[in-house]
Each structure stands twice: as structure tokens, then as C-alpha cells.
Amino acid sequence: MDYGKFKYQQQKKASEARKKQKTVDVKEIKMRPAIDTHDYEVKMRALRKFIDSGDKVKVTLRFKGREMAHQQLGMELLRRVKGETEDFTKVELEPKLEGRQMMMVLSPAK
């Protein structure tokens, strides 16, 4: 058997396998606790688009200044996102506070 031909065929198989695989990216949606309704709807449309394309979504909530005193508003907002997306996503990482930001990770429900 010709070793050069064998090596070429192995390369072709490997490149075909790479073409067929789907890489899962983590997209990020950034919000604030005092987000307005229209801004929220725009973010939710973007989230839906990311999930439909098969990517994971990290929802990040930034607190500035005195907003840190009202962390329950941020938790309510993340619960709202979770409730509105529960039919087509699953929560991979529950909402948690890290410093001045609260985050959760959603992935497509299969």
C-alpha cells in the first residue's frame, strides 16, 4: 500500500469530520436591574436567536453604585428571564452573585 496515499486519505477524513462538527459558543447578554420594557424585549429577541442557533447564553446583570442595595430586583429579573425561556432552554448555571454582577447560563433544551 502506498503510504502517501494512505496519509492523504486520513487527512481527507479528518477534514470532513471537522466540517461536520458544531462548535458551541457562549454568547453574552448584558442587562441592568432597571432595564426598560422595550430594551428587555430586544435583549430577549437576541437571546432567542442565540439559543435557536445552538449556542449557550450567559445572562449578566451589572449593578452600579446604590443598585447593590437592591439585589432582589436583579434576582427577580433573572427569574423572569428564566420563566419566559423555560420552554426552549434549560438553566445550566443558576443565578448567582459574583462581586458587582449577577449571572446565569442558559443552554438550548434538546
Side-chain angles (χ1 to χ4, degrees):
M1 182 175 196
D2 185 14
Y3 182 69
K5 184 177 180 181
F6 171 73
K7 197 161 167 100
Y8 173 74
Q9 287 173 340
Q10 291 296 85
Q11 263 183 331
K12 293 292 272 186
K13 278 185 191 175
S15 69
E16 278 297 313
R18 276 195 304 273
K19 280 183 193 174
K20 291 179 183 175
Q21 78 182 12
K22 168 73 172 118
T23 58
V24 176
D25 295 330
V26 177
K27 304 286 188 173
E28 185 172 17
I29 301 274
K30 292 184 180 181
M31 295 184 186
R32 295 279 309 278
I35 192 168
D36 199 37
T37 55
H38 182 262
D39 297 332
Y40 175 79
E41 290 165 5
V42 169
K43 300 281 188 183
M44 292 305 286
R45 274 198 301 268
L47 186 142
R48 179 71 187 233
K49 188 177 74 172
F50 293 151
I51 292 292
D52 288 343
S53 66
D55 297 324
K56 293 181 182 179
V57 179
K58 178 179 175 182
V59 181
T60 306
L61 202 64
R62 290 290 313 262
F63 292 98
K64 288 187 179 177
R66 292 185 180 177
E67 290 174 347
M68 283 300 288
H70 302 285
Q71 294 175 11
Q72 74 278 5
L73 294 176
M75 192 57 87
E76 287 172 19
L77 183 64
L78 288 181
R79 274 197 217 106
R80 182 176 160 199
V81 169
K82 184 175 160 182
E84 289 182 13
T85 61
E86 67 187 353
D87 54 326
F88 58 92
T89 63
K90 69 175 187 187
V91 178
E92 197 164 282
L93 187 68
E94 289 293 329
K96 65 177 181 178
L97 186 70
E98 290 180 352
R100 287 198 159 271
Q101 63 185 21
M102 196 174 281
M103 57 164 279
M104 79 173 170
V105 178
L106 301 171
S107 62
K110 301 257 177 193

Which atom names give the shortest non-hydrogen contact between [X] and [Y], and what distance separates them?
X      : Y     : result
Glu98  : Lys96 : OE2-CE, 3.0 Å
Met102 : Gly74 : SD-C, 3.8 Å
Gln101 : Arg62 : OE1-CD, 3.0 Å

Is there a continuous path of hydrophobic side-chain contacts, each under 4.5 Å between heavy atoms, that joins [X] to [Y]?
X     : Y     : answer
Tyr40 : Phe63 : yes
Val91 : Val57 : yes
Val42 : Ile51 : no
Met68 : Met75 : yes
Phe88 : Val81 : yes

Rounded to the nearest 0.5 Å, how far apart are [atom1] of [X] and [atom2] of [Y]?
X      : Y      : atom1 : atom2 : answer
Leu106 : Leu78  : CG    : CG    : 9.0 Å
Leu61  : Met103 : CG    : CE    : 11.5 Å
Lys12  : Lys7   : NZ    : NZ    : 16.0 Å
Glu76  : Gln71  : CD    : CD    : 12.5 Å
Lys58  : Lys56  : NZ    : NZ    : 12.0 Å
Leu47  : Met31  : CG    : CE    : 7.0 Å

Regarding Arg45 and Glu41, does a basic nitrogen lie under 4.0 Å from an acidic carboxylate oxygen?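 No salt bridge links Arg45 with Glu41.
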Taking Glu16 first and then Lys13, would you say they form a salt bridge - that is, a charged N and a carboxylate O separated by under 4.0 Å?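 Here Glu16 does not pair with Lys13 in a salt bridge, since their nearest N and O are not under 4.0 Å apart.
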Taking salt bridge (Lys or Arg N to Asp or Glu O under 4.0 Å) as the test, write out the residues that go with [X], two or more places apart.
X     : answer
Lys20 : none
Glu67 : Arg32
Glu28 : none

Check the pair Met44, Thr85 against side-chain contact (heavy atoms from CB on, under 4.5 Å), reporting the backbone distance first and the verdict last. CA-CA 9 Å; Met44 292 305 286; Thr85 61; 3.5 Å; yes
Pair Arg80-Glu84, salt bridge (Lys or Arg N to Asp or Glu O under 4.0 Å): steps then yes or no: CA-CA 6 Å; Arg80 182 176 160 199; Glu84 289 182 13; 3.4 Å; yes
